Each structure stands twice: as C-alpha cells, then as structure tokens.
Amino acid sequence: QVQLVESGGGLVQAGDSLRLSCAASGRTFSSDAKAWFRQAPGKEREFVAVIWGGRSSTYYRSSVEGRFTISRDNAKDTVYLQMNSLKPEDTAVYYCAARSLPIMAVTISEYAYWGQGTQVTVSS
C-alpha cells in the first residue's frame, strides 16, 4: 500500500505562483511514476504532469507546459508541482497519484494510489 498526502493549495490571483507537495509513504520507490491530476467543478479529472524513472523524466499536458514544473525529492519521498503564471482556468482540486511501476502513464485507471486532493483557486 502507498499513502499520499497533498498540501500547498490555496487562493491566489491570476499570475501568482503556488507549490503543491505530495508526501508518499508505504511501499513505493522514488522511480515509480507519480503524477498530478486535477478536477474542476463539473468536469472530469484530467492529467496534469508526471515524473518517473531513475532520471526523473517528466511529461506535461500542453496547457500547463512552460508554466508548471513537476519535481521530486527522493530523500523526503515527496513530489512537488510548482505552478507559475496561474490562470483562472487552473482552478481545480489537485490530486497526487502513484503507481508501482517506473513507467509513465497519463490515464486515471493506470494509477492505483491517490491522495485526498488540495484545492487551488485562481481569481481573475
């Protein structure tokens, strides 16, 4: 089992920055794929970013590439999502997800473990 706990959400203005954290515990390796998803009100949960492998490879959805950065601190078993130049359309509950494979994935069904989510609200 893997436990994930997100933190760092909040209310910010457009153009501001936030950093989300996801602390992992249990049976997980730093190289296992860990991702961020988000779900806006009335919309389906969508992929945001993923980090995987021994070399910390990363991949982003196009609408956040260049603004968001996913990273990890292996010593702390923590994954981060640095979000810059935030837009109102980034408003959502952000979820951390993990799978027990060092292979990237972008769909919900490929992740077995999920955090409880953290709210990000961007005002215009």
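The model shown is predicted, which means the values in this text are computed figures rather than measured ones.
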Could you state whether [X] and [Y] fall into the same hydrophobic cluster, counting links through intermediate Ile, Leu, Val, Met, Phe, Trp or Tyr residues with side-chain heavy atoms under 4.5 angstrom apart?
| X | Y | value |
| --- | --- | --- |
| Val50 | Tyr95 | yes |
| Ile51 | Leu20 | yes |
| Ile70 | Tyr111 | no |
| Val120 | Phe68 | yes |
| Phe37 | Met104 | yes |

Checking the side chain of [X] only, and the main-chain atoms of [Y] only, is there a donor and an acceptor separated by less than 3.5 Å?
| X | Y | result |
| --- | --- | --- |
| Glu6 | Cys96 | yes |
| Gln39 | Glu44 | no |
| Arg67 | Ser85 | yes |

*Atom NZ of Lys87 and atom OG of Ser124: how far apart are they, to the nearest 0.5 Å?*
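Between Lys87 NZ and Ser124 OG, I get 13.5 Å after rounding to 0.5 Å.
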Closest contact, heavy atoms only, [X] versus [Y]:
| X | Y | value |
| --- | --- | --- |
| Thr118 | Ser7 | OG1-C, 4.4 Å |
| Ser17 | Asn84 | OG-OD1, 2.9 Å |
| Gly54 | Ser31 | N-CB, 4.0 Å |
| Trp36 | Cys22 | CZ2-CB, 3.6 Å |
| Ala24 | Leu4 | CB-CD2, 3.7 Å |

For a quick check under 3.5 Å, do [X] and [Y] share a side-chain donor-acceptor pair by atom type?
| X | Y | value |
| --- | --- | --- |
| Glu110 | Thr107 | yes |
| Thr78 | Asp73 | no |
| Arg61 | Ser63 | yes |
| Ser30 | Arg72 | no |

*For Ser71, which residues count as a side-chain hydrogen bond (donor to acceptor under 3.5 Å, both in side chains) partner, sequence neighbours excluded?*
none
*Heavy-atom count around Gln116 CD within 6.0 Å, excluding the residue itself: above 12?*
yes
Are side-chain heavy atoms of [X] and [Y] found at a separation under 4.5 Å?
| X | Y | answer |
| --- | --- | --- |
| Arg38 | Val64 | yes |
| Thr121 | Val12 | no |
| Phe29 | Ser100 | no |
| Glu89 | Thr91 | no |
| Lys34 | Arg99 | no |
| Thr28 | Asp77 | no |

*asked:* Determine whether Tyr113 and Gln3 satisfy the following criterion, side chain to side chain contact (heavy atoms under 4.5 Å, CB included), listing intermediate values before the conclusion.
replied: CA-CA 7 Å; Tyr113 307 104; Gln3 294 77 43; over 6 Å; no
*Measure from NZ or CZ of Arg19 to the centre of the six-membered ring of Tyr80, then state whether that distance is under 6.0 Å and the direction lies within 45° of the axis.*
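The answer is yes; both the distance and angle limits are met.
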_Is it the case that the ring center of Tyr60 lies less than 6.0 angstrom away from the ring center of Phe47?_
no
